[in-house]
Protein chains: 2
Amino acid sequence: MNTVASAAPYHHGDLRRALLDSATAILTETGRWDFSLREVARRAGVSHAASYRHFTDKEALIAAVALTGYETLNTRMTTAIDEATGAVGTLRAIGQAYIGFGVANPALYRLMFGQALPSIEGLPPAVLAVLTEARAVLRGVILAGARAGAFAIDPEDEQEVSVAVVTAWSLVHGFTLLTIDRVVDREVRPQVIDPLAARVAERLIIGLLPTQGRK
Amino acid sequence: MNTVASAAPYHHGDLRRALLDSATAILTETGRWDFSLREVARRAGVSHAASYRHFTDKEALIAAVALTGYETLNTRMTTAIDEATGAVGTLRAIGQAYIGFGVANPALYRLMFGQALPSIEGLPPAVLAVLTEARAVLRGVILAGARAGAFAIDPEDEQEVSVAVVTAWSLVHGFTLLTIDRVVDREVRPQVIDPLAARVAERLIIGLLPTQGRK
DNA sequence: CGCTCAATGTTACCACCGTCAACACACCGC
DNA sequence: GCGGTGTGTTGACGGTGGTAACATTGAGCG
C-alpha cells in the first residue's frame with residue numbers, strides 16, 4: 001500500500017491527507033512553520049500520537065508538506081512553459097510562475113527552502129527527485145534557447161549552460177525570498193511586485209541576449 | 001579574559017557576551033539554529049534561567065546573534081569596497097565579499113535570513129538599521145557607477161536604480177542560499193564555488209554594462 | 001566600616017512538546 | 001464466527017521555553 005493515497009484507510013478515512021491539510025492550513029494561516037505536531041493532530045480531530053502511524057517523524061511530516069509545495073511549483077512552471085512561446089518568452093514565463101508561487105505562498109516557500117533540513121542531503125528521495133526535475137526543466141529551457149541562438153550561450157559548453165542555469169535560479173530564488181521577507185521594499189504593495197519582478201528579470205535577460213539582440 | 005569596553009555586569013563578568021559566544025559556537029559546530037536556550041546556558045556554565053536577565057526571549061537571543069552577523073557582513077562589504085577600484089570592480093568585490101561570508105558561515109547566514117522571525121517587521125530596531133545600511137551601501141555603489149557612466153543606468157531614475165539594487169542583491173542572496181543548501185551543485189567543491197560565483201556575477205554585470213562596453 | 005539595595009544568578013515549578021510503549025478497537029480474510 | 005493486523009488512544013518520559021520566589025553579591029552611601 002502506501003504512497004499517494006487514493007484508497008481510503010480504515011478508521012478515520014484518510015488521516016494522512018487530513019494531517020497534511022491541517023499542517024498546510026496552520027502554515028498559511030499563521031505564516032509559521034514551527035507548529036507543533038500536537039496542534040496538527042488536534043486540528044485533525046485526532047489524538048496526538050496518531051501521526052506516528054503515518055509519519056515516522058515530525059520532520060517527515062514537514063518534508064511531506066514541502067513535497068506538495070515542490071510538486072505544485074513544478075506543475076506551475078511546466079504549464080507556464082507550455083503556454084509560452086520563444087526562448088526569451090519561456091524564460092520570462094518560468095520566472096514569473098516561480099516568483100508568483102513563492103509570493104502567493106510565502107510560508108510554504110520558506111518551509112520548502114529554509115527549513116530545519118540541515119542540508120539537501122538527508123531529504124526524502126521523493127523531494128530530491130522533484131528538485132532535480134525542476135532543475136532539469138530550467139536547464140532544458142536555457143539549452144533550447146541557446147541552440148536556437150536566442151541567448152549568447154554556447155549550447156555545447158556544459159559549464160556555460162550551468163552558469164546560466166545557476167544565475168537564473170539564483171536571481172529568481174533570491175528575489176522571491178527578499179520579497180517574502182519584505183527586505184526588498186517594505187512599503188511595496190502586491191500590485192507593485194509583478195512589474196518589479198519583470199524589470200529585475202529583464203536585467204538578467206539582457207545579460208543573456210546576443211549582442212545584436214540588445215536595444 | 002580582557003577588559004571590557006563599556007559595561008561589565010556583576011557576577012559572571014560578562015554573561016551576555018558569554019551567552020552570545022556559546023550560541024555562536026553551537027551554531028557553527030552543529031550547523032543548526034534550533035538549539036535550546038538551556039543548552040546555551042549549560043555551555044556558558046550557568047543556570048538555564050540566567051539568560052532571561054540579559055535577553056527577554058529566546059527570539060531576542062537569536063536576533064542578537066543575527067545582529068552580530070549583519071555587522072560583520074557589513075564590515076566585510078565596506079572594506080571590500082574600500083579596496084576595490086572602478087564601478088565594476090567595486091560591484092564585483094562587494095558581491096564576492098557577500099557570497100564569501102555566506103558560504104563561510106552557512107548556519108549563521110541561514111539564521112540571519114531564514115529564521116523564526118516571521119517577517120522583517122518585528123525585528124529589533126538595531127537589526128533593521130543594519131539591514132537598511134547594507135542596502136544603502138549597495139545603492140551608493142550602483143549609483144556611483146551609473147553617474148560615472150559605467151552602467152547603463154540613468155542615475156536620476158530612482159526606480160531604475162532600485163531595480164538594479166534589487167537585481168544585484170537577489171542574485172547574490174539567491175546564489176548564496178542555493179550554494180549553502182547544496183541545491184546548486186551537489187558535487188561542487190569549495191574551490192569551485194569562487195569561479196562559479198564569479199561567472200554568475202559576470203552574467204549580471206554584462207546586463208548592466210552600456211552597449212559599447214560589451215565584448 | 002557597615003548597611004542597604006538593586007542587579008544578577010539559582011531553584012522550583014508550570015504547561016507544553018516530541019516520542020515511545022502498551023493498550024483498544026475495527027475491519028479484513030478465513 | 002475468529003484471529004490478526006492496520007489504525008487510533010492513553011499514559012508516560014525527558015526535555016523545553018518561560019515565570020516567580022529565593023539567594024547572592026557588589027556598588028554606593030552614611
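Letters A, B, ... are given to chains in the order of the sequence lines, protein chains preceding strands, and every chain is numbered from 1. Hydrogens, waters and symmetry mates play no part in the numbers below; they use all other heavy atoms, side chains included.
For V46(A), the side-chain atoms get nearest to dT9(D) when compared with the rest of dT16(D), dT9(D), dG9(C). Which of dG18(D), dG11(D), dA20(D) sits closest to the side chain of A49(B) comes down to dA20(D).
L19(B) places its CG atom 14 Å from the C1' atom of dT10(C), with the value rounded to the nearest Å. Taking atom CG on L61(B) and atom P on dG18(D), their separation rounds to 10 Å, with Å as the unit. In this entry the distance linking NE2 of H54(A) with C1' of dT9(D) reads 13 Å, nearest Å. With rounding to whole Å, Y52(A) atom OH is found 12 Å from dC17(C) atom P. For F55(A) and dC20(C), the CZ to P distance is 16 Å, given to the nearest whole Å. Atom CG of D34(B) is separated from atom P of dG17(D) by 10 Å (rounded to the nearest Å). Between R32(A) atom CZ and dG17(D) atom P there is a gap of 14 Å when expressed in whole angstrom units. With rounding to whole Å, R42(A) atom CZ is found 11 Å from dA15(C) atom C1'.
For dG9(C), neither phosphate oxygen OP1 nor OP2 lies less than 4.0 angstrom from any side-chain nitrogen or oxygen of S47(B). Proximity of R16(A) to the phosphate of dG8(D): no side-chain N or O atom is located under 4.0 Å from OP1 or OP2.
Looking at H48(A), its side chain has no donor and acceptor atom pair within 3.5 Å of the base of dG8(D). For dG17(D), the base has a donor-acceptor partner in the side chain of R38(B) [N/O atoms by modelled type, under 3.5 angstrom].
The structure places OG1 of T90(A) at 11.0 Å from CD1 of I142(A), a figure rounded to the nearest 0.5 Å.
When the nearest nucleotides of DNA chain D are assigned to R53(B) and D57(B) by heavy-atom distance, the more 5′-ward of the two goes with D57(B).
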* Decide side-chain contact (heavy atoms from CB on, under 4.5 Å) for I153(B) and R203(A); before the verdict, give the C-alpha distance in whole Å, the side-chain angles of both, and the deciding distance to 0.1 Å. => CA-CA 11 Å; I153(B) 296 176; R203(A) 278 282 165 211; 3.7 Å; yes
* Carefully, step by step, assess R139(A) and S162(A) under the rule side-chain hydrogen bond (donor to acceptor under 3.5 Å, both in side chains). => CA-CA 8 Å; R139(A) 191 184 188 90; S162(A) 288; 3.1 Å; yes
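In the displayed structure, R199(B) atom CZ is contacted under 6.0 Å by more than 12 heavy atoms of other residues, nucleotides or ligands.
Between F113(B) and Y98(B), the ring planes lie tilted relative to each other; the angle falls in the 30° to 60° range.
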